[in-house]
2 protein chains.
Amino acid sequence: MYSKLTHLQSTFTADCVIFGFEEGELKVLLVERNEYPYKDWWALPGFFVEHSETIDNAVERILYEHTGLRNIFMEQLYTFGDLKRHPQGRVITVAYYALLRLKGQSTLKPHSTYVRQAVWHPVENLPELAFDHAHIIDRSLEKIRQNIKSTPIAFELLPEKFTLTQLQKVYEAILGIALDKRNFRKKMLNYNFLKELDEKQQGVSYRAAKLYKFDKRKYAKIFQNDLSFKK
Amino acid sequence: MYSKLTHLQSTFTADCVIFGFEEGELKVLLVERNEYPYKDWWALPGFFVEHSETIDNAVERILYEHTGLRNIFMEQLYTFGDLKRHPQGRVITVAYYALLRLKGQSTLKPHSTYVRQAVWHPVENLPELAFDHAHIIDRSLEKIRQNIKSTPIAFELLPEKFTLTQLQKVYEAILGIALDKRNFRKKMLNYNFLKELDEKQQGVSYRAAKLYKFDKRKYAKIFQNDLSFKK
DNA sequence: AATATAACGTGTATTTTTTACACTATCATA
DNA sequence: TATGATAGTGTAAAAAATACACGTTATATT
């Protein structure tokens with residue numbers, strides 16, 4: 001349906017680092033490889049870039065083929081070109097990453113025989129990985145740790161409606177530190193891009209928390225001033 | 001001496017965005033092309049990546065061939081892969097950038113017949129550029145504007161010994177805004193990574209300013225704590 | 001109905017950082 | 001010795017970050 005595979009398409013591949021958040025943990029999506037090299041190893045979803053497509057198209061296609069995921073907004077992380085990262089010689093790879101809102105749909109169906117299954121793994125406890133993929137994941141983690149301080153990526157990991165405690169847990173999982181509840185709330189609410197809803201959390205066996213929504217429009221209004229610095 | 005050129009090496013190139021600071025202005029190094037496509041146009045130093053080299057090696061080699069510059073620490077910016085960025089089809093390019101201390105040695109000698117000359121141009125006033133190089137420079141500028149707020153890249157643009165006013169000028173040129181002299185000095189000196197020297201500026205026809213040095217060791221000590229966040 | 005449980009939701013005082021703002025000092029030169 | 005040009009300096013006010021603890025509420029259990 002997408003690519004026909006020949007012996008060696010190119011020496012240029014694209015890899016996807018897809019993060020999700022579940023059970024208070026940050027997870028990353030790995031595939032079990034069904035082809036050499038690294039047959040039977042866990043790896044990032046990734047494959048050769050075709051000569052006729054942009055890199056952006058390629059990662060989109062590859063992610064779909066490997067995991068069934070579509071319409072995921074991915075951002076480029078870095079391009080890796082070490083001579084020894086691939087056993088078949090110098091294969092350059094461009095890595096992309098994305099943060100994903102998990103909706104319980106953990107049924108990920110590869111559309112490619114090159115991978116056997118796609119499974120979420122906690123980033124704190126990863127199996128041994130093919131190629132330099134462990135390194136690529138480390139670099140992605142660094143990146144999102146940086147980004148979470150300056151951009152609203154935390155919301156991409158949460159359902160549309162979330163509680164402030166859930167939001168705090170995302171920050172804590174990514175930054176790897178405990179945050180003060182009152183200070184966290186004060187700061188978040190001061191930004192004025194959260195909309196308090198008239199709904200509460202459902203199905204918990206304790207006092208239900210208020211739900212909030214991330215308001216993109218307000219965020220854009222506030223941070224379009226990104227370019228204006230004070231002296 | 002470096003690469004022998006064949007008709008079409010690959011569809012993968014590397015481009016270098018080299019910034020310098022002179023006369024209170026941020027400048028970028030451009031080459032005048034001597035080959036098609038874009039013969040006679042101004043462009044970034046850039047060429048095909050060989051199959052046997054890492055990307056890091058390639059940019060180093062290419063920069064030397066085009067400008068005679070060596071041992072420049074370059075950092076990867078982004079990889080561009082639009083279908084229309086190159087008239088010969090989809091040529092992916094990985095862009096690197098660097099900040100350079102100009103020592104009056106503006107004699108840049110290409111070692112390649114593919115370019116005619118290499119010349120510094122003020123970023124505020126660039127000629128029309130080949131390929132998507134104007135876009136690549138824009139992206140590099142964004143990047144260094146971000147970086148100058150969190151890393152000591154300003155010092156890479158200055159001579160080893162500099163005055164606080166020169167340092168402020170670098171910040172102002174990159175950020176594109178005027179800064180308050182007293183607040184700027186207070187902040188910089190508070191970081192404690194500047195070493196005040198017993199020397200003064202020479203050859204100026206007005207009160208000579210004190211010279212300072214950037215102290216890498218102190219910087220490393222202070223900012224190795226980068227990983228420690230307050231709650 | 002009473003109680004236990006588990007997370008919710010809130011305020012204040014202190015410290016630190018950022019910002020605004022203007023004049024005197026010094027050196028070289030005319 | 002006067003002029004021109006940049007160097008060098010401090011304080012007060014505002015804003016942001018930090019530290020810190022307990023009563024509230026919904027549900028489940030007895």
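Here is how names work: the chains are called A, B, and so on, in the same order as the sequence lines, proteins then strands, and each is numbered from 1.
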Under the salt bridge (Lys or Arg N to Asp or Glu O under 4.0 Å) rule, what pairs show up with a residue in residues 186-203 of chain A, not counting sequence neighbours?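 Only A/K161-A/E199, A/E196-A/K210 qualify under salt bridge (Lys or Arg N to Asp or Glu O under 4.0 Å).
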Provide the full list of salt bridge (Lys or Arg N to Asp or Glu O under 4.0 Å) pairs with a residue in residues 114-139 of chain A, sequence neighbours left out, each pair given once.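 Sorted pair list: A/E32-A/R116, A/D40-A/R116, A/R85-A/D132.
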Just wondering, do B/E65 and B/P110 contact through their side chains at under 4.5 Å, heavy atoms?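 B/P110 vs B/E65: side chains apart.
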Output field: ring centroids [X]/[Y] closer than 6.0 Å:
X: B/Y38; Y: B/F131; answer: yes
X: A/Y171; Y: A/F184; answer: yes
X: B/H135; Y: B/F80; answer: yes

Using side chain to side chain contact (heavy atoms under 4.5 Å, CB included) as the criterion, list what pairs up with B/K216, not counting sequence neighbours.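 For B/K216, the residues satisfying side chain to side chain contact (heavy atoms under 4.5 Å, CB included) (neighbours in sequence not counted) are B/F214.
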Going by salt bridge (Lys or Arg N to Asp or Glu O under 4.0 Å), name the residues that satisfy it together with A/E172, two or more places apart in sequence or in a different chain.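 Counting only residues at least two positions away or on another chain, A/E172 forms no salt bridge (Lys or Arg N to Asp or Glu O under 4.0 Å).
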When you compare the protein's N or O atoms with those of nucleotides 26-29 of chain D, which come within less than 3.5 Å of each other, and at what distance?
none

Looking for any heavy atom pair under 4.0 Å, which part of the strands does A/T163 touch: base, sugar-phosphate only, or nothing?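 The answer is nothing, as A/T163 stays clear of every strand by at least 4.0 Å.
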May I have the distance from [X] (atom [atom1]) to [N] (atom [atom2]), rounded to whole angstrom?
X: A/Q168; N: C/dA7; atom1: CD; atom2: P; result: 13 Å
X: A/F184; N: D/dA19; atom1: CZ; atom2: P; result: 16 Å
X: B/F162; N: D/dA7; atom1: CZ; atom2: P; result: 14 Å
X: B/M188; N: C/dT17; atom1: CE; atom2: P; result: 15 Å
X: B/Q201; N: D/dA7; atom1: CD; atom2: P; result: 6 Å
X: B/L179; N: C/dC21; atom1: CG; atom2: C1'; result: 15 Å

Show the distances under 3.5 angstrom between N or O atoms of the protein and N or O atoms of nucleotides 9-13 of chain D.
from: D/dT11; atom 1: O4; to: B/K186; atom 2: NZ; distance (Å): 2.8

If you assign B/K187 and A/Q166 each to the DNA chain C nucleotide with the nearest heavy atom, which residue ends up on the more 5' nucleotide?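 Its nearest nucleotide lies further toward 5', so the answer is A/Q166.
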Heavy-atom neighbours of B/Q117 CD exceed 12 at 6.0 Å: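 Above 12, so yes.
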